[in-house]
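All ligand and atom numbering here is 1-based and tracks the order in the structure. Computed from heavy atoms alone, side chains included, the values below leave out hydrogens, waters and symmetry copies.
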Amino acid sequence: MSNPLWRYVTPGIPDELFERVEGIPMTKEEVRALVISKLRLREDSRVLDIGSGTGSVTVEAALMARRGLVYAIDSDENAVELTRRNAIRFGVSDRVIVIHGEAPEALNQVPGEVDAAFVGGSGGKLRDIIVGVRGKLSVGGRLVIDAITLENASLALATMAELGFVNVEVTEVVIAKGLRTGVGTVMLSRNPIFIIAGEKNMCGRVSSVVSIKDAIKQR
Ligand SMILES: C[S@@+](CC[C@H](N)C(=O)[O-])C[C@H]1O[C@@H](n2cnc3c(N)ncnc32)[C@H](O)[C@@H]1O
């Protein structure tokens with residue numbers, strides 16, 4: 001345990017501690033902390049990270065699932081290498097399996113079922129990826145999706161409803177970070193992100209739907 005980076009146990013590791021490569025995106029620390037929370041991991045969880053990018057979600061999932069396994073998939077060779085290096089950097093490479101390939105096809109390289117899956121990148125294949133992930137998830141397994149566009153958020157919700165996911169929730173996150181200037185701290189907003197989460201149900205049972213009138217009452 002001589003490497004100080006190996007002491008991190010809580011989600012939301014500072015972004016700057018990861019190795020970065022220009023052009024390879026990363027789920028930023030505050031959003032990452034929420035994603036990890038929504039995945040509701042256990043110590044022995046088997047996790048899928050689709051579109052692992054820099055590998056920051058992979059690393060944090062592996063830190064939570066200390067007796068589990070994380071399959072990190074990315075279609076970009078450089079992202080795959082970077083994910084591998086960040087897994088080594090944070091001392092979790094023994095429970096990270098990195099797969100270079102495009103989802104959903106690359107899901108065939110993941111043996112057995114997984115308990116949780118995160119989709120951080122889909123390259124226009126979101127619907128097929130959700131279908132593929134449903135096939136890999138154990139009953140009760142959780143799917144968490146980050147969507148930046150309204151269209152992808154809407155597609156994720158429609159597909160999850162169609163496939164009978166239950167307890168589906170949408171959280172819109174708008175992070176603003178303070179920047180110290182000569183006249184005080186200015187809050188700089190980042191793009192809003194939709195975090196969509198749900199659970200695989202047994203055989204396509206549909207969750208109950210709240211009327212718009214009741215929804216307004218709940219505000
Ligand atoms: C926003 S980044 C993900 C960041 C990552 N969650 C992290 O923590 O660093 C999206 C990634 O998804 C990958 N990607 C996009 N479509 C994909 C697909 N169909 N299959 C696999 N990877 C994909 C991209 O190459 C990119 O690295």
Side-chain angles (χ1 to χ4, degrees), residues 5 8 10-39 41 45 47-65 70-90 92-93 95-110 114 116-136 142-153 155-156 159 171 173 175 190-197:
L5 290 179
Y8 279 89
T10 58
I13 295 172
D15 291 343
E16 60 273 17
L17 296 184
F18 289 89
E19 181 186 336
R20 299 294 309 272
V21 167
E22 208 183 322
I24 301 181
M26 178 168 74
T27 303
K28 300 293 186 301
E29 64 191 70
E30 292 83 4
V31 173
R32 197 186 323 125
L34 281 171
V35 164
I36 293 293
S37 162
K38 300 290 180 194
L39 284 168
L41 302 176
S45 288
V47 188
L48 254 178
D49 180 11
I50 298 172
S52 64
T54 298
S56 70
V57 171
T58 289
V59 164
E60 295 209 358
L63 285 170
M64 295 285 118
V70 181
Y71 293 93
I73 300 175
D74 205 293
S75 50
D76 178 340
E77 199 176 341
N78 295 325
V80 164
E81 284 312 314
L82 185 57
T83 296
R84 198 170 275 135
R85 289 201 297 278
N86 273 316
I88 293 169
R89 189 177 171 93
F90 285 89
V92 296
S93 58
R95 46 191 187 273
V96 170
I97 294 174
V98 182
I99 297 170
H100 179 212
E102 189 159 359
E105 294 79 8
L107 294 174
N108 293 332
Q109 296 179 50
V110 177
V114 296
F118 172 60
V119 182
S122 56
K125 295 189 162 183
L126 185 56
R127 189 181 190 287
D128 292 344
I129 289 174
I130 297 173
V131 172
V133 166
R134 191 184 184 284
K136 295 303 296 177
R142 297 203 34 102
L143 168 61
V144 177
I145 299 170
D146 265 7
I148 296 169
T149 64
L150 286 171
E151 287 78 6
N152 263 357
L155 178 62
T159 309
T171 309
V173 186
I175 301 290
R190 294 184 177 159
N191 288 345
I193 292 182
F194 299 98
I195 302 176
I196 297 159

- Message: Within ligand 1, which atoms have a heavy atom of V57 less than 4.0 Å away?
- Response: 6 (N), 8 (O)

- At under 4.0 Å between heavy atoms, which part of S52 makes contact with ligand 1: side chain, backbone, both or neither? backbone

- Message: Is there a polar contact between ligand 1 and A103, counting only N or O atoms under 3.5 Å apart?
- Response: yes

- Message: With the threshold set at under 4.0 angstrom, would you say G101 reaches ligand 1 through any of its heavy atoms?
- Response: yes

- Item | T58 (side chain) donor-acceptor with S52 (main chain) under 3.5 angstrom | no

- Is a side-chain N or O of E60 found less than 3.5 angstrom from the main chain of I13, in a donor-acceptor match? yes

- Message: Quiz question: by atom type and distance under 3.5 Å, do the side chains of R32 and T27 form a donor-acceptor pair?
- Response: no

- Task: Determine whether any heavy atom of I24 lies closer than 4.0 Å to an atom of ligand 1.
- Result: no

- Task: With rounding to the nearest 0.5 Å, note down the distance linking OG in S56 to CD1 in I36.
- Result: 8.5 Å

- Can you find an N/O atom of K125 closer than 3.5 Å to an N/O atom of ligand 1? no

- Message: Tell me the contacting part of A106 for ligand 1: side chain, backbone, both, or neither, using a 4.0 Å heavy-atom threshold, strictly below.
- Response: neither

- Before signing off on this row, confirm whether D76 and ligand 1 have an N or O atom pair separated by under 3.5 Å. no

- So which heavy atom in the protein is nearest atom 6 (N) of ligand 1, and how far is it from that ligand atom? T27 OG1, 2.8 Å

- Message: Looking at F18, is its backbone amide N or carbonyl O close enough to the side chain of N86 to form a donor-acceptor pair, meaning the two atoms are under 3.5 Å apart?
- Response: no

- Task: Any atoms of ligand 1 less than 4.0 Å from a non-hydrogen atom of E102? List them with their elements.
- Result: 18 (C), 19 (N), 20 (N)

- Working to the nearest 0.5 Å, report the span between CD1 of I193 and OG1 of T149. 11.5 Å

- Query: Judging by distance only, is a nitrogen or oxygen of D49 under 3.5 angstrom from one on ligand 1?
  - Reply: no

- Query: Is there a donor-acceptor pair closer than 3.5 Å between any side-chain N or O of T83 and the backbone N or O of A79?
  - Reply: yes

- Backbone N or O of I73 within a donor-acceptor pair of the H100 side chain at under 3.5 Å? no

- Between E105 and K125, is there a side-chain N and carboxylate O pair less than 4.0 Å apart? yes

- Message: If the cut-off is 4.0 Å to any non-hydrogen atom of S56, which atoms of ligand 1 fall inside it?
- Response: 7 (C), 8 (O), 9 (O)

- Just jot down the ligand 1 atoms closer than 4.0 angstrom to any heavy atom of S75, in number order. 14 (N), 17 (C), 21 (C), 22 (N), 23 (C), 25 (O)

- Protein contact to atom 9 (O) of ligand 1 [nearest heavy atom, distance to 0.1 Å]: T54 N, 2.9 Å

- Query: What is the nearest protein non-hydrogen atom to atom 12 (O) of ligand 1, stated with its residue, atom name and distance?
  - Reply: G51 CA, 3.2 Å

- Query: When rounded to the nearest 0.5 angstrom, what distance separates CG in L34 from NZ in K28?
  - Reply: 15.0 Å

- Message: Using modelled atom types and a 3.5 Å cut-off, is there a donor and acceptor pairing between side-chain atoms of S45 and backbone atoms of L41?
- Response: no

- Please could you name the atoms of ligand 1 that G123 approaches to less than 4.0 Å, counting only its heavy atoms? 15 (C), 16 (N)

- Task: Considering the heavy atoms of S122, write down every atom of ligand 1 situated less than 4.0 Å from one of them.
- Result: 15 (C), 16 (N), 17 (C), 19 (N)

- Query: Which protein heavy atom lies closest to atom 10 (C) of ligand 1, and at what distance to 0.1 Å?
  - Reply: G120 O, 3.6 Å

- Task: Could you list which atoms of ligand 1 come closer than 4.0 Å to a heavy atom of P25?
- Result: 1 (C), 2 (S), 4 (C), 9 (O)

- Under 3.5 Å, side chain of K136 to main-chain N/O of V110, donor-acceptor pair present? yes

- Query: Which of the listed options, T58, D74, L126, holds the heavy atom that is closest to atom 26 (C) of ligand 1?
  - Reply: D74

